[in-house]
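One structure is given below, encoded as structure tokens.
Below, chains carry the letters A, B, ... as their sequence lines are ordered, and counting in each starts from 1.
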2 protein chains.
Amino acid sequence: MLAPLLNKLNQLEPLGQEDQDAFLALPFRVKEVEAGQIILDEGKHSTGCIGLLAGFTYRHRTLRNGARQIISVHVPGDFPDLQSGLLGTAIHTLQMLTPGRLALFRADDLQRLVSERPAIRDALWRETLIDTSICGEWVANVGRRDARGRIAHLLCEFAMRLRSAGLLEGDSYELPMTQDQIADATGLTAVHVNRTLQEMRRTGLIHTERRMVKVNDWDRLAALGDFNPQYLHLEAVRN
Amino acid sequence: MLAPLLNKLNQLEPLGQEDQDAFLALPFRVKEVEAGQIILDEGKHSTGCIGLLAGFTYRHRTLRNGARQIISVHVPGDFPDLQSGLLGTAIHTLQMLTPGRLALFRADDLQRLVSERPAIRDALWRETLIDTSICGEWVANVGRRDARGRIAHLLCEFAMRLRSAGLLEGDSYELPMTQDQIADATGLTAVHVNRTLQEMRRTGLIHTERRMVKVNDWDRLAALGDFNPQYLHLEAVRN
DNA sequence: CGCCCTGTTGATAATATTCAATGAGTGTGG
DNA sequence: CCACACTCATTGAATATTATCAACAGGGCG
């Protein structure tokens, strides 16, 4: 049941058998959730800690002028609320992008595990550091790329992370985001996202059908998005 | 000598006497650095770990089209390269904004300290989490605010962090950034930053002289920047 | 069948960029 | 002490990119 999380931890830091056993011995509750369901609300006190077993989540924040910005997206294996879990308050809303399945841990159980198992501590710490790294790349994405670049970069990142989570073979995948959500992730308007996606289809970069994205020309897409996967720190996988 | 760092750690997590002694017993080297000096280069392998004793640093990244984006700015007491230090490779360039003074630690010394002293581990972990939180706010800043809002927000954040570091009384402070650098932090052009700052001066929001910023109307500035300091997690100070 | 969500289109407007030139301040060497 | 170079700030005009507003189309679902 916890396999996606254990895989991810092992990618972050190779765990010994005892570490793995200790992690699997952790008490937890499984929760099935629907698309759109809010997991954690902005400003609320957060007590537990969540591991994402299936489906996708996203964190976002609504400004006072009503504009919304998506801060991050999470794939199975991620711990989408380590931040609020450890800092005590959620600064963002955490919401399901798709239906999914969560593992709920108690904060103090995790705290104890981390104290007793340095390898797991390091793995989780690396997870938060990579979070920061991705977030920094998003700052650059939204701050310094034009619309085509931003969207291309988002598509590349998502594909890469799916592949690393073992959820993608080939170059077709389901991007579970509406154009509205892509707009909120890239700092654009939905209208402009629509027109930009059309252009990308017209020039043969990608093909979309329903929510399925097929990348026709990965190299050109990566070039357009100035995509360099270093910031995802996937080389950890190969250690 | 290490007082700024120790203060910061204590704000993040109250340390006992033994924790403090252990931290102060850490071997380190002090390095005086000039404005503009590069501390850590994009892509380089990073071995040590840095504490900022005096002056300001910033992390930035240059895209292939030549555009530059500043990802974060650090004030004395911060550990500006925990990320690259623990992940092994620097993904961004770390550079001095002003002349300053660094404390250089060895990565394995710090690693040992963290294993032996859970309170220090928690403090440093919180530091990285707050880093992420700030980074997320920057995504929202650059993604969803207009030029005036972005700059106002930057000014508010900097003032708040300076105050928290004990470097600011009243509402005047030196913003050690050129308009070019403000532009790179906010995802704007220097020309537009210039015009926007002029407008902010004209409407009496701020006053600038040399690199000194005086905030004339904090409330209006905070409103303009939609500034809510929660994301800085300074309440840790009051614990 | 009708509603709601998502995607699409067109026209217009606002915001920010680009390019190019000038000024003001600072430090350097002759 | 002055000329010179350099960096940073400022200005204007033209342009580009993206937002806004409003309307409509299509598909899935109760």
Side-chain angles (χ1 to χ4, degrees), chain A residues 34-37 58 63 65-70 95-99 141-154 174-202 206-213 224, chain B residues 34-37 58 63 65-70 95-99 141-155 174-202 206-213 224-225:
Chain A
E34 302 162 18
Q37 194 169 327
Y58 67 117
L63 305 188
N65 62 17
R68 204 177 58 151
Q69 177 67 45
I70 295 181
Q95 193 168 2
M96 293 308 298
L97 208 47
T98 63
N141 197 40
V142 160
R144 283 298 187 219
R145 278 193 266 260
D146 64 11
R148 285 176 303 173
R150 291 186 209 179
I151 294 173
H153 192 276
L154 181 73
E174 198 191 354
L175 180 74
M177 300 173 84
T178 65
Q179 293 183 357
D180 249 301
Q181 288 165 333
I182 295 175
D184 286 337
T186 51
L188 300 165
T189 54
V191 172
H192 199 57
V193 167
N194 181 288
R195 296 199 232 260
T196 307
L197 282 175
Q198 284 181 56
E199 189 201 315
M200 290 167 78
R201 283 183 300 227
R202 217 176 324 113
I206 59 171
H207 180 85
T208 62
E209 207 176 324
R210 306 290 177 91
R211 296 273 161 79
M212 200 61 130
V213 176
L224 185 62
Chain B
E34 301 161 19
Q37 195 169 327
Y58 67 115
L63 304 188
N65 62 16
R68 204 177 57 150
Q69 178 68 45
I70 295 181
Q95 194 168 1
M96 293 308 297
L97 207 47
T98 63
N141 197 39
V142 162
R144 283 298 185 220
R145 278 194 266 261
D146 64 11
R148 285 176 302 170
R150 291 186 209 180
I151 294 173
H153 192 277
L154 182 72
L155 293 177
E174 198 191 353
L175 180 75
M177 300 173 84
T178 65
Q179 293 184 359
D180 250 302
Q181 289 166 333
I182 295 175
D184 286 336
T186 51
L188 300 165
T189 54
V191 172
H192 199 54
V193 166
N194 181 287
R195 296 198 234 261
T196 307
L197 282 175
Q198 283 181 56
E199 189 201 315
M200 291 168 78
R201 282 183 301 226
R202 217 178 323 111
I206 59 170
H207 179 85
T208 62
E209 206 176 325
R210 305 288 177 91
R211 297 271 162 80
M212 200 62 128
V213 177
L224 185 62

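The interatomic distance linking B:L197 (CG) with D:dC8 (C1') rounds to 13 Å, in whole Å. The interatomic distance linking A:R211 (CZ) with C:dC5 (C1') rounds to 9 Å, in whole Å. Nucleotide C:dA16 holds its C1' atom 18 Å from the CZ atom of B:R145, rounded to whole Å. Remark: C1' of D:dA9 and CG of B:D180 are 10 Å apart, rounded to the nearest angstrom. Look at CZ on B:R202: it is 13 Å from C1' on D:dT11, rounded to the nearest Å. Computed from coordinates, the B:D146 CG to C:dT17 P distance equals 12 Å when rounded to whole Å. The separation between A:R201 atom CZ and C:dT9 atom C1' is 13 Å, rounded to whole Å. Nucleotide C:dA24 holds its P atom 16 Å from the CD atom of B:Q179, rounded to whole Å.
Side-chain atoms of A:N194 lie closest to C:dT9 of the nucleotides D:dA9, C:dA16, C:dT9.
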> Which is it for B:R202 and B:E199 under the side chain to side chain contact (heavy atoms under 4.5 Å, CB included) test, yes or no, and what are the steps along the way?
Replying inline: CA-CA 5 Å; B:R202 217 178 323 111; B:E199 189 201 315; 3.9 Å; yes
> What's the verdict on side chain to side chain contact (heavy atoms under 4.5 Å, CB included) for A:V213 and A:E174, showing C-alpha distance, side-chain angles and the deciding distance?
Replying inline: CA-CA 6 Å; A:V213 176; A:E174 198 191 354; over 6 Å; no
>> Evaluate A:T208 against A:L197 for side chain to side chain contact (heavy atoms under 4.5 Å, CB included), listing each step before the verdict.
In response: CA-CA 9 Å; A:T208 62; A:L197 282 175; 5.5 Å; no
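Dashed line: the shortest gap from a side-chain N or O of B:Q198 to OP1 or OP2 of D:dT11 is under 4.0 Å.
At a threshold of 4.5 Å between non-hydrogen side-chain atoms, the residues B:D184 and B:Q69 do not count as touching.
Taking NE2 of A:H192 as the start and CD of A:Q179 as the end, the distance is 12.5 Å to the nearest 0.5 Å.
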>> Across nucleotides 19-30 of chain D, 5' to 3', mark each nucleotide with B, S or - according to how protein heavy atoms within less than 4.0 Å reach it.
In response: SBB------S--
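Put simply, the side chain of B:Q95 never gets that close to the backbone of B:Y58: no donor and acceptor are under 3.5 Å apart.
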